[in-house]
There are 2 protein chains.
Amino acid sequence: MSSGDESDRVFKALSAAIRRDILDALKDRPQTTGELCARFPALDRCTVMQHLRVLEGADLVIVKREGRERWNHLNPLPIKHIYDRWIGAYAGRAVEVLDRLKTDLEG
Amino acid sequence: MSSGDESDRVFKALSAAIRRDILDALKDRPQTTGELCARFPALDRCTVMQHLRVLEGADLVIVKREGRERWNHLNPLPIKHIYDRWIGAYAGRAVEVLDRLKTDLEG
DNA sequence: TTGACATGTTATGTTTTTATAACATGATGG
DNA sequence: CCATCATGTTATAAAAACATAACATGTCAA
């Protein structure tokens, strides 16, 4: 079965668009919770924090506190892990399918 | 923002362990709905079909009917797409992080 | 120290997802 | 034709995810 407890949390965390957007926002540099909330004005501050907690639970976001600020850092390793253990094989298979298709069209 | 309607459906589809297990079961060869239900005895037949519908909606499973049988085929392309457009960058970044870590440890 | 600020917690209503039951269709083989 | 089998549909109950409000804590700076 494909579901370790760890990668299951990662898949779940990635399943919400807003959380993927948060990760994208953290790609360039770490940001405080406040900065992130400002970046997503459509959502309530509590909602953003709830999503951050999910990302933290999946180890996709690592938190460092400085005084009264909370710095959220992106951790891309869990994504690499699910890629290595799961997605890579499918992507490779997709390439095979495309190659076969290409060959068929040329033949 | 990271969320096209298409890849959002794919991420959502991949977020449930049972659906990833179904995709794994379809990796080797297409299977009928009945075969899949037999493979997951813990779940009700209706539940399996509901999950198949989600996978079909994400274009991860392609259905071909033959008489009274329904053959479910894996389509790995959507996974390749989200890899190309999204996951690859994170996996690459993870490698960077690891490299930097390795260099730091050696230095 | 004290008021403003950044963040955190608990509780709660709403929507989605998941699982199942009950019933329906439609091909197949005798 | 007719019973059976594989699949499909609709409805619904239960669980999980999502969004927000109301309240709480701890820090900084004047």
Side-chain angles (χ1 to χ4, degrees), chain A residues 1-3 5-26 29-73, chain B residues 1-3 5-23 25-26 29-74:
Chain A
M1 303 295 162
S2 78
S3 54
D5 226 39
E6 175 205 335
S7 58
D8 195 54
R9 262 195 291 273
V10 179
F11 273 112
K12 277 249 159 49
L14 295 181
S15 71
I18 172 66
R19 287 196 288 263
R20 296 196 300 279
D21 291 340
I22 291 177
L23 292 182
D24 277 336
L26 294 178
R29 59 177 185 81
Q31 285 178 61
T32 67
T33 306
E35 284 177 304
L36 285 174
C37 290
R39 199 135 171 175
F40 300 100
L43 289 182
D44 194 87
R45 186 180 57 89
C46 302
T47 307
V48 173
M49 284 184 51
Q50 213 170 32
H51 286 303
L52 281 174
R53 224 171 300 145
V54 174
L55 290 169
E56 205 185 343
D59 202 31
L60 285 164
V61 163
I62 293 173
V63 173
K64 289 179 181 152
R65 323 199 83 255
E66 275 180 29
R68 63 179 161 179
E69 287 179 332
R70 166 191 157 129
W71 286 91
N72 304 280
H73 296 249
Chain B
M1 303 294 162
S2 80
S3 54
D5 227 40
E6 174 205 336
S7 57
D8 194 56
R9 263 194 290 274
V10 178
F11 274 111
K12 278 248 158 51
L14 295 181
S15 70
I18 171 66
R19 287 196 288 263
R20 297 196 300 278
D21 291 340
I22 290 177
L23 291 182
L26 295 178
R29 59 177 186 82
Q31 284 177 62
T32 67
T33 305
E35 284 176 305
L36 285 174
C37 291
R39 199 136 171 175
F40 300 100
L43 289 182
D44 193 87
R45 186 180 58 88
C46 302
T47 306
V48 173
M49 282 184 55
Q50 214 170 31
H51 286 302
L52 281 174
R53 224 172 300 144
V54 174
L55 289 168
E56 205 185 343
D59 203 32
L60 285 163
V61 163
I62 293 173
V63 174
K64 290 181 181 152
R65 323 200 83 255
E66 274 180 30
R68 62 177 164 180
E69 286 178 332
R70 166 190 156 130
W71 287 91
N72 304 280
H73 296 249
L74 167 67

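In what follows, every chain begins at residue 1, and chains take the letters A, B, ... in the order their sequences are listed. Keep in mind that the numbers below use all heavy atoms, side chains included, and drop hydrogens, waters and symmetry copies.
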ask   = Expressed in angstrom and rounded to an integer, what is the separation of B/Arg53 atom CZ from C/dT16 atom P?
value = 18 Å
message = Distance check needed: C/dA27 C1' versus B/Glu66 CD, whole Å only.
response = 13 Å
request  = Send over the distance from A/Arg65 CZ to D/dG26 C1', rounded to a whole Å.
outcome  = 9 Å
ask   = Run the side chain to side chain contact (heavy atoms under 4.5 Å, CB included) check on A/Asn72 and A/Val63 step by step: do they pass?
value = CA-CA 5 Å; A/Asn72 304 280; A/Val63 173; 3.9 Å; yes
request  = Please report the C-alpha distance between B/Leu14 and A/Leu14 in whole Å, then the side-chain angles of each, then the deciding distance to 0.1 Å, and finally whether the side chain to side chain contact (heavy atoms under 4.5 Å, CB included) criterion is met.
outcome  = CA-CA 9 Å; B/Leu14 295 181; A/Leu14 295 181; over 6 Å; no
task = For A/Val54 and for A/Gly67, locate the closest nucleotide of DNA chain D by heavy-atom distance; then report the residue assigned to the nucleotide nearer the 5' terminus.
result = A/Val54
inquiry  = Once rounded to the nearest 0.5 Å, what's the spacing between atom CZ of A/Arg29 and atom NE2 of A/His73?
reply    = 11.0 Å
message = I want to check something: taking the side chain as every heavy atom from C-beta on, are A/Asp5 and A/Arg9 in contact at a cut-off of under 4.5 Å?
response = yes
note = Whole-Å distance, A/Leu52 CG to C/dT7 P, equals 10 Å
ask   = Nearest-Å distance, NE2 (B/His51) to P (C/dT16)?
value = 18 Å
task = Specify the separation, in whole Å, of atom CZ of B/Phe11 and atom P of C/dT17.
result = 16 Å
ask   = Which residue lies toward the 5' end of DNA chain C, A/Gly34 or A/Lys12, if each is placed at its nearest nucleotide?
value = A/Gly34
query = Got B/Met49 and B/Arg45 here, is their nearest side-chain heavy-atom distance under 4.5 Å?
reply = yes
message = Whether A/Arg19 contacts D/dC18 is assessed here as follows: a side-chain N or O lying under 4.0 Å from the phosphate OP1 or OP2. Is that the case?
response = yes
ask   = Is there side-chain contact between A/Asp8 and B/Arg20, with at least one heavy-atom pair below 4.5 Å?
value = yes
ask   = Between A/Gln50 and A/Val54, does a side chain to side chain contact (heavy atoms under 4.5 Å, CB included) hold up when you go through it step by step?
value = CA-CA 7 Å; A/Gln50 213 170 32; A/Val54 174; 5.7 Å; no
task = Take the protein atom CZ of B/Arg68 and the nucleotide atom P of D/dA3, then report the distance between them rounded to whole Å.
result = 15 Å
key: salt bridge (charged side-chain N to carboxylate O under 4.0 Å, His left out) contacts in which one or both residues fall within residues 57-71 of chain A, not counting sequence neighbours   = A/Glu56-A/Arg70
message = Taking only side-chain N and O atoms of A/Thr32, does any of them lie within less than 4.0 angstrom of OP1 or OP2 on C/dA6?
response = no
query = Which angle, to the nearest 10 degrees, lies between the helix axes at the two ends of the helix from C/dT1-D/dA30 to C/dG30-D/dC1, each defined by five pairs?
reply = 20°
inquiry  = Could you tell me how far apart A/Arg9 (CZ) and D/dA17 (P) are, to the nearest whole angstrom?
reply    = 12 Å
remark   = Residues in residues 41-50 of chain A with a heavy atom under 4.0 Å of DNA chain C, by number, are A/Arg45, A/Cys46, A/Met49
ask   = Knowing that exactly one of B/Leu52, B/Asp21, B/Leu43, B/Val61 qualifies, which makes a side chain to side chain contact (heavy atoms under 4.5 Å, CB included) with B/Leu36?
value = B/Leu52
